[in-house]
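Along the sequence shown, the residues carry numbers beginning at 1. Reckoned from all heavy atoms, side chains included, excluding hydrogens, waters and symmetry mates. In each ligand, atom 1 is the first atom listed, and ligand 1 is the first ligand listed.
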Amino acid sequence: MRITCYSILKKVQVTGPISIAAYMRQCLTSDQGGYYTTNSQEQFGKSGDFITSPEISQVFGELVGVWFMTEWIAQGRPRSGVQFIEVGPGRGTLMSDILRTIGQFKTFASAIDCVWLVEAGEGLRQKQASALQCGEMKEVERQVWEASSKYGNGIKVRWVEDIALLPQPQTNTTPFIVAHEFFDALPIHAFESVAPRPEENESKTQLLDGAGNPMVRPSSATKVPQWRELLVTSTKRKFTLSTTPDSPKSSASNNPDPDFTLTVAKASNPSSLVLPERARYRHLKSQPSSRVEISPESSRYIQNFAQRIGSSGPSSGAALIIDYGPADTIPINSLRGIKSHSIISPFLHAGQADISADVDFGALADAALEATPNVEVHGPVEQGVFLTQLGIKERAERLINGLKTNQTQQDNDAPGGVHQKMTDFETGYKRLVEGGPRGMGKAYKAMAVLPENGGKRRPVGFGGGVVG
Ligand code: SAH
């Protein structure tokens, strides 16, 4: 059975081809059929579509909490004004592991003024509230929801739907910002460099000079390849129902034909005239068929992070971004769908499957540095390297030894018993650091934005040690 959100199909059929960015927005966060905003099914975990590092092992969130603590120490242990901001918190597992870890360090915990969560989906906001052991959630301002968490003796948790709705950066605040598997969900545009067609350079009319003599046509600027946007178009002739049985052929092959496909725009559009013309992509334009993926939404988010850290008074705070993508190349052809733990076409099950694209870490770094001269960027480094430097092996071993010491005879071999837990800790931590097809240690990268310091202090996990 194929399930495609009718409103997405209809939109594309009515408006004609749309950008990949518009398609991603429709599929992921629209009020009508968005995967994160209207889907009542579970997205995360074994019974959902995908599993993320915080859901694999509590050690991940604990070490992220430790990382922020090393920054808090290195930045002079501010006694108040610390804000935690998480964008795209999913089920809230990461923030709850961070707060539980920080709760063990009373001076740091009591310096936290507020936890801000940026989340588009209402259902997910409710799940986050329950993960953070919050009381009732109330709308305290237009589109700002608040609840009190049991962590840190009633820490205030606030939600907004978009980073633009957070309060403006203030002086004497230390924003600690975390984005885990968030940037890969932000919309991208894709462009292809297209060689001019011969007829574009040949005019039927002969040009004449002032004296009426035929003119030699100057080498035309249109001989230069042009960027064209890749657009999403429907493969269906007319509206189909939101749920349609697969054709016998496609169900037999278990590989239904996608509802949409990509097509290269016939002409330039405002996006193709602006976005790929930046210096970062210039060298590719002259090579026809080159492709690039660009995410202006990602730039908007990271610039907001940088401005919070680098603006007003002495720069302070840190942003930690963990996501998948190449370390030093521009992503291409990376849009993918994920359903029931398998990679599928991004053009199947629109609105009922996750879709994501590789994160361009170089573009994120450029955007952060363009936003303000008061920040510096470290990384990206592989997640395995980052977590190993933070001591993941030692932490996992301590947890396993703790279980060994406390085990009783009865609960040893029961399902969910001590042996099972020990195996889960072991396999979980290895999956976070190792490479290979199932491992997340190499494909995922960590990058940090910090107050500008002339590159003199490397943060922990990026080659530096604990200072302070
Ligand atoms: N960080 C979590 C969840 C990752 S999934 C984890 O690692 O488990 C992506 C998250 O970002 C979801 O919570 C989703 O609802 C949210 N999200 C995706 N696009 C968004 C957008 N444009 N604005 C706000 N939240 C968004």
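Set against the non-hydrogen atoms of P89, the atoms of ligand 1 under 4.0 Å away are 2 (C), 13 (O). Near H180, meaning under 4.0 Å from any of its heavy atoms, are these atoms of ligand 1: 1 (N), 2 (C), 4 (C), 6 (C), 7 (O). Within ligand 1, counting atoms from 1 as listed, the ones closer than 4.0 Å to a heavy atom of G90 are 2 (C), 3 (C), 13 (O). For ligand 1, the atoms sitting less than 4.0 Å from at least one non-hydrogen atom of L186 are 22 (N), numbered in the order shown with element in parentheses. Close contacts of ligand 1 with E161, meaning ligand atoms under 4.0 Å from a residue heavy atom, involve 23 (N), 24 (C). Close approach of ligand 1 to L124 (heavy-atom distance below 4.0 Å) involves ligand atoms 13 (O), 15 (O).
Side-chain contact check for T173 and Q83: no donor-acceptor pair (N or O, by modelled atom type) lies under 3.5 Å. In this structure, a donor-acceptor pair under 3.5 Å is present between the side chains of R308 and N304. Side-chain contact, T174 with S316: a donor N or O sits under 3.5 Å from an acceptor N or O.
In this structure, R228 does not pair ionically with E192, as no charged nitrogen and carboxylate oxygen lie closer than 4.0 Å. In summary, D184 and R336 do not engage in a salt bridge, as defined by a charged side-chain N under 4.0 Å from a carboxylate O. The pair E55-K46 fails the salt-bridge criterion, with no side-chain N (NZ, NE, NH1 or NH2) lying under 4.0 Å from an Asp/Glu carboxylate O.
Among all non-hydrogen protein atoms, the one lying nearest atom 11 (O) of ligand 1 is G88 CA, 3.2 Å. In terms of protein heavy-atom proximity, atom 13 (O) of ligand 1 is nearest to E119 OE1, 2.6 Å. For atom 17 (N) of ligand 1, the closest heavy atom belonging to the protein is F182 CE1, 4.0 Å. What sits closest to atom 25 (N) of ligand 1 on the protein, heavy atoms only, is A120 N, 3.3 Å.
Screening E71, E452, E376 for a salt bridge (Lys or Arg N to Asp or Glu O under 4.0 Å) with R457, the sole residue that qualifies is E71.
Closest heavy-atom approach to atom 4 (C) of ligand 1 among the candidates E181, E297, M95: E181. Relative to atom 5 (S) of ligand 1, the option among Y36, F183, F60 with the closest non-hydrogen atom is Y36.
Note on ligand 1: R25 sits outside its first shell, no heavy atom being nearer than 4.0 Å. Ligand 1 lies nowhere less than 4.0 angstrom from a heavy atom belonging to L28. By the 4.0 Å heavy-atom criterion, T29 is counted among the residues contacting ligand 1. Taking a 4.0 Å cut-off on heavy atoms, D162 fails to register as neighbouring ligand 1.
At under 3.5 Å, a nitrogen or oxygen of T52, whether backbone or side chain, sits near a nitrogen or oxygen of ligand 1. Of the polar atoms of A185, none of the N or O atoms is found under 3.5 Å from an N or O of ligand 1, judged by distance alone. In terms of polar-atom proximity, defined here as any N/O pair under 3.5 Å, Q128 makes no such contact with ligand 1.
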Would you check, one step at a time, whether the test side chain to side chain contact (heavy atoms under 4.5 Å, CB included) holds for F60 with H180?
CA-CA 11 Å; F60 183 83; H180 181 258; 3.5 Å; yes

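Heavy-atom neighbours of Q168 CD from other residues, nucleotides or ligands within 6.0 Å: at or below the threshold of 12.
Centroid-to-centroid, the aromatic rings of Y281 and F191 stay 6.0 Å apart or farther. Within the 6.0 Å centre-distance limit, the rings of F347 and Y23 are counted as a close aromatic pair.
Listed for the S148 side chain is no donor-acceptor partner under 3.5 Å among the backbone atoms of K156.
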